[in-house]
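Just below is one structure, and these are the notes that go with it.
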Amino acid sequence: MVRMKKITGFTMIELIIVTSIIGILTAIAIPNFLAARTRAKVSRTRAEQEMLMLALQSYFADRTTYPLNHTKGLLSDIDLIPLTTPIAYMTSLPKDQFQFPELRENRFVGYDVKNKKPLPVDNRFGGYGYLNYLQLAPKKGEVSKENPFSGNSWYLINSLGPDFDLDYNTLTIPHRYISYDPTNGTTSDGDIWLTGP
């Protein structure tokens with residue numbers, strides 16, 4: 001007598017349950033992974049801004065001034081180049097983690113709805129925006145009207161933040177800004193900035 005082997009396998013219901021569980025786990029894991037990447041970029045941005053602040057303080061200790069902006073009142077990454085040459089307070093300038101290449105090419109980020117024109121940001125190599133508030137003061141030792149921090153800060157280092165647009169408006173007096181806060185959502189509005197000294 002010939003015995004036939006009983007063929008065993010998964011039923012359709014079992015396969016549907018397993019694929020559903022895999023789908024649910026994937027739906028949970030992917031957003032958490034993307035949020036973790038954003039949190040890591042924010043942490044790196046804050047650390048790089050601290051390094052820039054230390055370099056600016058060293059520059060100030062040697063020269064009793066901070067690097068000047070080529071255009072007063074214009075956030076610019078190229079104005080930080082004096083930190084690398086002729087004396088290297090930093091070996092190279094860090095890139096902003098939240099820069100799109102196409103924005104660097106256009107050299108502006110954001111849009112002024114009231115005046116219907118782009119907000120200027122001289123961002124040539126994708127670095128952090130830098131603004132020297134002491135340079136904006138009418139006389140040495142006075143407080144600049146543009147300074148939103150009431151004269152408590154002498155410079156600003158700015159990153160676009162996870163929303164990838166400029167939330168720092170240099171067209172108002174005093175300047176207005178939206179500060180990034182992760183409690184509003186990992187990719188919420190706002191810039192990541194640091195002021196000094």
Side-chain angles (χ1 to χ4, degrees), residues 1-55 75-78 80 90-114 116-131 148 156-171 175-196:
M1 178 166 147
V2 179
R3 290 190 150 180
M4 295 195 62
K5 284 186 175 181
K6 187 176 179 183
I7 300 173
T8 59
F10 295 111
T11 65
M12 184 60 87
I13 295 292
E14 291 170 331
L15 289 173
I16 290 172
I17 290 171
V18 168
T19 54
S20 298
I21 290 171
I22 290 171
I24 290 169
L25 291 174
T26 304
I28 292 170
I30 288 176
N32 284 334
F33 172 73
L34 295 175
R37 282 184 56 198
T38 302
R39 285 192 300 271
K41 283 184 175 184
V42 168
S43 295
R44 181 175 174 177
T45 296
R46 292 190 193 280
E48 288 175 344
Q49 287 179 335
E50 289 284 337
M51 289 180 352
L52 281 167
M53 184 179 83
L54 290 173
L75 280 167
S76 176
D77 60 357
I78 62 165
L80 289 172
M90 297 183 81
T91 54
S92 64
L93 293 174
K95 305 269 191 251
D96 186 353
Q97 298 297 304
F98 299 106
Q99 285 280 336
F100 281 136
E102 59 269 16
L103 294 178
R104 287 197 296 270
E105 290 167 12
N106 293 332
R107 296 191 185 154
F108 70 86
V109 188
Y111 194 77
D112 177 18
V113 178
K114 182 180 175 186
K116 297 183 180 176
K117 67 178 185 176
L119 285 172
V121 174
D122 191 359
N123 196 288
R124 296 186 190 177
F125 67 88
Y128 295 100
Y130 165 73
L131 186 62
L156 169 82
I157 303 167
N158 193 66
S159 168
L160 296 180
D163 64 345
F164 291 96
D165 67 359
L166 184 67
D167 296 305
Y168 188 86
N169 189 346
T170 58
L171 300 176
H175 296 167
R176 282 185 309 181
Y177 62 91
I178 300 173
S179 183
Y180 172 73
D181 188 351
T183 60
N184 295 333
T186 310
T187 56
S188 65
D189 258 2
D191 292 351
I192 302 169
W193 49 268
L194 181 69
T195 60

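Each residue takes its place number in the sequence, starting with 1. Everything numeric here is computed off the predicted structure, so don't read it as measured data.
Expressed to the nearest 0.5 Å, how far OG of S179 lies from CG of D191 amounts to 8.0 Å. Rounding to the nearest 0.5 Å gives a distance of 8.5 Å between CD1 of I16 and OG1 of T11. Atoms CH2 and OG, on W193 and S159 in that order, are 13.0 Å from each other to the nearest 0.5 Å. Here the straight-line distance linking atom OH of Y180 with atom OG1 of T45 works out to 10.0 Å at 0.5 Å rounding. The CD atom of Q97 sits 5.5 Å away from the OH atom of Y128 when rounded to the nearest 0.5 Å.
Formation of a donor-acceptor pair under 3.5 Å by the D96 side chain with backbone atoms of G129 is not found in this model.
With a 4.5 Å cut-off on side-chain heavy atoms, L131 and N158 do not count as touching. Taking the side chain as every heavy atom from C-beta outward, F98 and I192 approach each other to under 4.5 Å. Two residues are said to be in side-chain contact when any heavy atoms from C-beta on lie closer than 4.5 Å; L15 and T19 fail this criterion. Within the 4.5 Å cutoff, no side-chain heavy atoms of E48 are placed close to those of L52.
Across all their heavy atoms, G190 and D163 have their closest contact at N-OD2, 3.4 Å.
Within the structure, salt bridge (Lys or Arg N to Asp or Glu O under 4.0 Å) contacts touching residues 32-43 (residues at least two apart or in different chains) do not occur.
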